[in-house]
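Let me begin by presenting the structure, written as structure tokens, before commenting on it.
As the structure lists them, so they are numbered: ligands from 1, and atoms in each ligand from 1. Everything numeric here is computed off the predicted structure, so don't read it as measured data.
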Amino acid sequence: MNQKVTVLSLLVEELRSGRVKVVDLTQPLGPDTPVIELPDMFAQSPGLTISQISKYDDNGPAWYWNTITLGEHTGTHFDAPVHWITGRERSSNTTDTIPVGQFVGPACVIDVSEEAAQFNDFILTREHVLAWEGENGKIQPGSWLLLRSDWSKRTGRDAFLNADEEGPHSPGFHPDCVRFLAHERDVLGVGVETVGTDAGQAGGFDPPFPAHNIMHGAGKLGLASLANLDQLPPTGAVVIAAPLKIVNGSGSPLRVIALVPS
Ligand code: MN
């Protein structure tokens with residue numbers, strides 16, 4: 001036994017010993033999973049429906065399987081650059097063409113859970129990010145910027161979507177902050193616990209929906225409806241987020257996991 005020690009053999013040992021933990025950043029995906037609601041003039045994205053093909057019965061005596069129907073952007077899901085009109089001309093902008101290296105990346109986690117609890121429309125600014133960098137170091141190119149809001153702890157559709165006559169109220173990013181992250185920090189993308197990467201009120205921002213408009217226009221990615229971000233350190237975790245290889249897909253539900261050093 002004289003196996004060469006590599007970074008991956010060390011990782012395997014760290015995983016085996018529990019010194020590196022695997023944390024599930026994914027919400028359960030079921031018929032009750034809430035999906036974003038658009039104004040009435042737009043087509044709506046369906047949530048998940050599931051129907052049984054067979055379950056050890058006359059339709060299939062030894063096997064169980066289901067048919068699922070769902071929008072690409074349902075539950076914990078991935079946003080590809082082609083999802084937004086600003087990203088439609090970019091190369092490698094669909095779920096099947098994004099280079100797979102982008103599906104593994106370090107995480108920078110900014111905790112705004114207290115702010116978002118006090119003010120549901122909390123908006124992260126460039127200044128907030130710079131203050132975070134003052135404590136945790138500069139965001140490295142190719143990092144996920146994850147916004148911890150503890151929104152995933154809300155139970156039930158109404159509390160999660162948090163809408164009133166003005167529309168939804170949930171935290172997100174200021175356009176200037178998105179520009180900074182995309183162009184001055186070259187992040188992989190942004191990930192959030194809310195139903196979409198933009199703030200609930202972001203339809204009224206300039207530009208509207210900057211975490212889509214600016215991020216995808218820059219070829220960046222998105223992750224929505226993440227969970228367990230409270231189990232991640234500000235830096236040091238690695239996120240694995242690989243969408244289904246849907247041909248010409250704009251996004252996909254996925255299992256997001258993080259490798260976290262103890
Ligand atoms: Mn989406």
Side-chain angles (χ1 to χ4, degrees), residues 25-30 32-39 42-49 68-88 90 92-98 102-103 105 107 124 144-149 151-152 154 157 160-163 167-173 175 177-178 181-182 187-203 205 207-227 229 239-256:
L25 305 185
T26 319
Q27 292 271 21
L29 179 61
D32 297 330
T33 296
V35 289
I36 199 164
E37 290 186 353
L38 303 184
F42 302 119
Q44 305 295 323
S45 177
L48 176 79
T49 55
I68 57 173
T69 304
L70 76 176
E72 289 172 328
H73 299 250
T74 301
T76 300
H77 73 269
F78 181 99
D79 288 357
V82 75
H83 178 43
W84 219 250
I85 190 169
T86 49
R88 71 175 171 177
R90 296 201 63 100
S92 305
N93 60 356
T94 55
T95 44
D96 56 325
T97 57
I98 295 167
Q102 295 192 24
F103 301 152
L124 192 79
W144 279 110
L145 190 291
L146 303 182
L147 190 65
R148 174 189 162 191
S149 61
W151 214 259
S152 58
R154 290 180 167 234
R157 187 178 162 284
F160 189 72
L161 296 179
N162 199 38
H169 297 276
S170 55
F173 303 90
C177 181
V178 180
L181 292 171
V187 296
L188 199 48
V190 293
V192 300
E193 295 182 51
T194 44
V195 72
T197 52
D198 266 299
Q201 293 288 300
F205 293 2
F209 308 109
H212 289 80
N213 182 304
I214 298 168
M215 275 289 158
H216 297 326
K220 307 301 186 185
L221 315 174
L223 290 172
S225 297
L226 295 171
L229 295 186
V239 168
I240 301 172
L244 298 178
K245 201 168 180 174
I246 300 169
V247 176
N248 292 322
S250 77
S252 146
L254 77 174
R255 193 72 179 256
V256 183

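- Looking only at distances, no side-chain donor or acceptor of Gln201 sits under 3.5 Å from a matching main-chain atom of His169.
- Taking a cut-off of 2.8 Å, the protein N, O or S atoms nearer than that to the Mn ion (ligand 1) are His73 ND1, His77 NE2, Asp79 OD1.
- Within a 6.0 Å sphere centred on CD1 of Ile85, other residues, nucleotides and ligands contribute 12 heavy atoms or fewer.
- Of all heavy-atom pairs between Ala211 and Phe173, the closest is CB-CD1, 4.2 Å.
- Using bins of under 30°, 30° to 60° and over 60° for the plane-to-plane angle, the ring pair Phe78/Phe103 lands in the perpendicular bin.
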>> Run Thr33 and Leu70 through side chain to side chain contact (heavy atoms under 4.5 Å, CB included) and show every step you take.
In response: CA-CA 11 Å; Thr33 296; Leu70 76 176; over 6 Å; no
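- Counting only heavy atoms from C-beta outward, the side chains of Thr194 and Pro171 approach each other to under 4.5 Å.
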